[in-house]
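Before any comments, here is the structure.
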Amino acid sequence: MESLTFRHLTGRVCSTQGWDHLLSSVRGAYQQEARDATRNDPNRAFLIYIYNINMAALENCRKETGSVHMWFSDIAAKIRGAEPQIINDSKTPSGRVHVGALRGVIIHDAVFRVLKSRGVPARFLFGVDDYDPLDEIPAGDAEREHFEKYLGAPLCNVPPPPGSAASDMAEHYIREFFDVFAELGVQAEPYRMRDLYRSGKFDEVIDAILRRADVVRRVYLEVSGSKRSETWYPFQAICEKCGRLGTTEVTAYDGKEVEYVCRPDLVQWARGCGHRGKVSPFDGRGKLPWKLEWVAKWRTFPVTIEGAGKDHNTRGGARDVSSACLREIFGLSPPVNIPYEFFLVGGAKMSSSRGIGAMAREMADFLPPEVLRFLILRTQPNRPLNVTLDEEFIVKLFNDFDRAHHRAFHDPKAIEDEKLVYRLSEVKSENDYYAENFHIVIMLVQMPHMDLVAEVEKRKGAPLSPAERRHLDRRVQAARYWLDRYAAEEEKMRLLSTLPARAASLTPAQRGFLRVLADALPKAEWSDTALQKAIFDAARLTPIDQPPAFQSIYRTLLDRESGPKAGSFLAFLDREFVIARFKEVPFDQIEFWRDTGVSPEAFEGWLSKEKSKIQTIRAASHQTQDGGVIEFTVTLDDGKTYMKRVSAEKADPRVILQQCNIDIPIEYA
RNA sequence: GAGCCCGUAGCUCAGUCGGUAGAGCAGCGGCCUUUUAAGCCGUGUGUCGAGGGUUCGAUUCCCUCCGGGCUCACCA
């Protein structure tokens with residue numbers, strides 16, 4: 001074990017680029033060495049010990065240099081050399097596009113960007129499957145009768161819903177999706193299937209596929225187990241009589257024309273007209289079924305990278321069938337696959353049948369583009385992505401994004417792929433900027449009397465740059481959108497018209513605090529700073545710790561644990577209303593005394609500590625059934641007054657002062 | 001019926017080409033006393049779902065099982 005080739009290798013190579021591969025081969029050789037040596041050597045325990053130390057060193061070296069790979073780097077690593085890459089994705093515009101479709105778009109875009117950044121020539125194509133038949137009435141559109149008569153016709157031949165300025169149905173729906181592309185910084189090159197078919201670009205492939213229809217039938221049977229009759233052909237002609245292609249069945253091909261029947265009962269969702277005809281399959285007179293259309297795209301462009309959702313990626317599913325057809329008919333290998341899981345939006349009560357809430361358009365209106373990209377990119381494609389629209393999830397999402405942002409710019413330990421997640425989330429590359437915490441933005445937005453920008457600048461400690469202002473405005477939009485559409489009632493800071501039921505859970509000390517505060521409010525100056533001070537004063541005079549004190553205010557007014565800065569909030573409200581609300585909370589003096597009392601020893605300890613600062617001490621004693629309490633009101637030299645409540649049974653004011661060696665006279669109340 | 005993914009700290013999840021694990025939040029301890037527009041510092045011993053196999057060594061690879069989620073079996 002002459003070892004350690006790896007020792008000087010790691011020392012020397014760690015700092016250089018591309019050492020990963022080298023290190024892994026060293027590692028492999030080393031492991032082999034370890035295996036052989038431990039087998040042959042009697043001092044196994046010692047050897048193993050040495051090996052473990054060395055392996056750990058190797059590991060550390062690897063971690064420090066940062067070889068943790070995000071999924072997109074792994075995919076980019078599969079692409080060897082600098083061969084030009086063609087990335088493809090597509091969508092059928094048969095209705096408003098669901099958020100789920102964004103996952104594939106962002107995934108492909110990320111791979112596209114990574115490849116380009118590594119100097120690989122790449123294109124990102126995005127196809128509009130507008131030659132697909134209309135097989136379902138779009139959700140959300142009341143114009144059922146408008147679409148019903150076109151069921152089975154190619155989407156690009158269906159007129160747009162009434163009122164739309166688009167040329168056809170496909171354009172109407174895809175436009176909304178492409179708008180989102182632009183906002184998310186996705187620079188894909190769009191193409192439309194109608195153009196490919198009509199221009200004859202697919203003619204050669206269509207001919208090849210129809211000539212090998214027997215192969216297609218066999219693949220369907222072997223791969224997906226679905227039987228096709230001897231006369232079945234993978235093509236759908238557009239019926240010359242009724243214009244549908246979802247209902248036609250091709251039964252023969254002679255190399256020039258196909259024979260077809262437009263069958264009334266071929267599919268459930270549309271009714272063919274019964275026409276029989278013979279027509280050329282070229283120049284847009286029909287289309288390939290979707291699985292073969294995939295083959296046609298892969299072969300024609302040719303596509304080298306194309307991911308697909310999990311619904312296609314099951315064994316024997318669409319992807320398998322298409323891959324097998326590509327191999328058998330054209331002898332080509334299918335593109336690099338990126339199987340990805342679903343992207344769902346749950347939680348909030350939304351009606352997907354009405355097409356509300358879970359649309360790509362809505363999500364892009366809500367989340368800032370970089371946050372939406374981040375949400376998708378940070379999750380491995382094989383993990384389902386289920387977004388909840390509650391406060392906790394959304395605030396955490398923004399915070400995670402802000403953390404990634406911060407690490408990318410300021411954390412020297414951040415490794416390359418961590419920074420890359422952030423960089424790929426950006427719509428376009430930007431310098432560092434101040435991003436306000438989203439939870440705070442939500443709060444601020446609900447305080448209409450506040451100057452939001454001024455407050456944020458105060459928090460930042462400097463004026464906002466134009467870019468920062470833009471990001472802030474976008475977050476304000478997100479906060480308002482969330483409050484309007486998704487926030488649950490209890491997540492909103494709505495001033496409650498009556499005392500909430502949960503006020504019953506307030507502790508005696510909290511109730512006492514509200515009483516002390518309420519008693520101070522009639523004389524208080526009604527401004528945010530004065531009120532904030534009054535709250536702290538009341539907390540000391542109760543006495544109560546600050547967190548429960550503030551919680552009691554939020555609980556009684558908003559039924560929340562936390563809220564806006566209390567002084568500003570109260571200043572916004574009516575004085576009499578606030579006093580009345582605080583006094584509405586039931587209060588029991590005996591319990592209050594018990595809850596806020598301290599032992600004489602604790603009081604002594606406190607007094608001794610503050611001894612040098614004491615200005616005045618007042619004492620008042622109160623009798624109760626089980627003894628009584630002495631309330632010491634101590635004012636320190638900073639002007640702050642503290643209340644300490646001690647059991648009267650066990651305490652004599654004079655004795656306590658003597659013990660603490662304090663000679664300030666006590667004023668008795 | 002066929003197949004895929006997941007099961008790791010109270011919660012949400014990272015990680016692992018095999019060298020027995022780590023972030024955020026929560027929690028706990030301390031500090032502060034103009035932190036409530038979520039202050040500051042410290043703090044992570046968890047049968048890495050269960051059992052078996054390969055190995056010097058498994059959370060990581062293989063097999064079986066349990067639990068959870070999903071997909072395809074018509075079309076896209």
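In what follows, every chain begins at residue 1, and chains take the letters A, B, ... in the order their sequences are listed.
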Report task. Report which part of the nucleic acid A:E455 touches: base, sugar-phosphate, or nothing (heavy-atom distance under 4.0 Å, all strands). Result -> base
Report task. Give the rounded distance in Å between these two atoms: CG of A:D637 and P of B:U33. Result -> 13 Å
Query raised in the report: What integer number of Å spans the P atoms of B:A58 and B:U20?
Result: 12 Å
Query raised in the report: Of the nucleotides B:U33, B:A76, B:C5, which has the atom closest to the A:T92 side chain?
Result: B:A76
Query raised in the report: Looking for any heavy atom pair under 4.0 Å, which part of the strands does A:R378 touch: base, sugar-phosphate only, or nothing?
Result: nothing
Report task. Go through B:A38, B:C74, B:A14 for me and flag the one nearest to the A:R228 side chain. Result -> B:C74
Query raised in the report: Under 4.5 Å between any side-chain heavy atoms of A:E341 and A:L385, yes or no?
Result: no
Query raised in the report: In terms of side-chain heavy atoms of A:N382, which of B:A38, B:C74, B:C5 is nearest?
Result: B:C5
Query raised in the report: Distance between the C1' atoms of B:U59 and B:A9, in whole angstroms?
Result: 14 Å
Query raised in the report: Which stems does RNA chain B form, counting runs of 3 or more consecutive Watson-Crick or G-U wobble pairs with both distances under 3.5 Å?
Result: B:1-7 with B:66-72, B:10-13 with B:22-25, B:27-31 with B:39-43, B:49-53 with B:61-65
Requested in this report: For A:S94, answer base if it contacts any base atom (sugar-phosphate contacts may also be present), sugar-phosphate if it contacts only those atoms, and nothing otherwise; contact means non-hydrogen atoms under 4.0 Å.
Outcome: nothing
Query raised in the report: So, is A:Q551 close to the B:A38 phosphate, meaning a side-chain N or O under 4.0 Å from OP1 or OP2?
Result: no
**Report entry** Aromatic plane relationship, A:Y422 with A:F401 - under 30° parallel, 30 to 60° tilted, over 60° perpendicular
**Finding:** tilted
Requested in this report: Indicate, with a heavy-atom threshold strictly under 4.0 Å, whether A:E436 touches base, sugar-phosphate, or nothing.
Outcome: nothing
Requested in this report: Could you tell me whether A:D129 contacts a base, only the sugar-phosphate backbone, or nothing, with contacts defined as non-hydrogen atoms closer than 4.0 Å?
Outcome: nothing
Requested in this report: Identify whether any heavy atom of A:K310 sits under 4.0 Å from a base atom; if not, whether one sits that close to sugar-phosphate; answer base, sugar-phosphate or nothing.
Outcome: base
Report task. Measure from CD on A:Q532 to P on B:U33 and round the result to the nearest Å. Result -> 16 Å
Query - Separation of B:A38 P from A:E392 CD (nearest whole Å) - result: 18 Å
Query raised in the report: Is A:V445 touching bases, backbone alone, or none of the nucleic acid, heavy atoms closer than 4.0 Å?
Result: nothing
Report task. Just call it for A:F342: base, sugar-phosphate, or nothing, with non-hydrogen atoms closer than 4.0 Å on any strand. Result -> sugar-phosphate
Requested in this report: Calculate the interatomic distance between A:N437 atom CG and B:A38 atom P; express it in whole Å.
Outcome: 7 Å
Query raised in the report: Base, sugar-phosphate, or nothing for A:P339, non-hydrogen atoms under 4.0 angstrom?
Result: nothing
Report summary line: Tested for side-chain hydrogen bond (donor to acceptor under 3.5 Å, both in side chains) against A:E436, the lone hit among A:K460, A:H471, A:R459, A:R475 is A:R459
Report summary line: Side-chain contact check for A:I440: nearest option of B:G15, B:A76, B:A38 is B:A38
Query - Whether A:H312 and A:W294 hold their rings parallel, tilted or perpendicular, with breakpoints at 30° and 60° - result: perpendicular
Query - Rounded distance in Å between the P positions of B:U8 and B:C48 - result: 11 Å
Report task. Tell me which of A:F550 and A:R383 sits closer to the 5' end of RNA chain B, going by the nucleotide each one is nearest to. Result -> A:R383
Requested in this report: May I have the distance from A:D89 (atom CG) to B:A76 (atom P), rounded to whole angstrom?
Outcome: 17 Å
Query raised in the report: What interatomic distance, in whole Å, is found between C1' of B:U71 and the corresponding atom of B:C13?
Result: 24 Å
**Report entry** Any donor-acceptor N or O pair under 3.5 Å, side chains A:T92, A:S94
**Finding:** no
Query raised in the report: In whole angstrom, what separates A:E341's CD from B:U71's P?
Result: 9 Å
Query raised in the report: A:Q546 near the nucleic acid: base, sugar-phosphate alone, or nothing, with a heavy-atom cut-off under 4.0 Å?
Result: base
Requested in this report: Report the residue (A:G225 or A:F536) whose heavy-atom-nearest nucleotide on RNA chain B is the more 5′ of the two.
Outcome: A:F536
Query raised in the report: Using a cut-off of less than 4.0 Å, is there contact between a side-chain N or O of A:R315 and OP1 or OP2 of B:C5?
Result: no
Query raised in the report: Can you tell me how far P of B:C13 sits from CG of A:N386, to the nearest Å?
Result: 9 Å
Distances for protein N/O vs nucleotides 21-24 of chain B N/O pairs under 3.5 angstrom?
residue, atom, partner, partner atom, Å
B:G24, O3', A:R403, NH2, 3.4
B:G24, O2', A:R403, NH2, 3.1

Query - Candidate nucleotides B:C72, B:A38, B:U33, ranked by approach to the side chain of A:D311 - the nearest - result: B:C72
Query - NZ or CZ of A:R194 within 45° of A:Y131 ring axis and under 6.0 Å - result: no
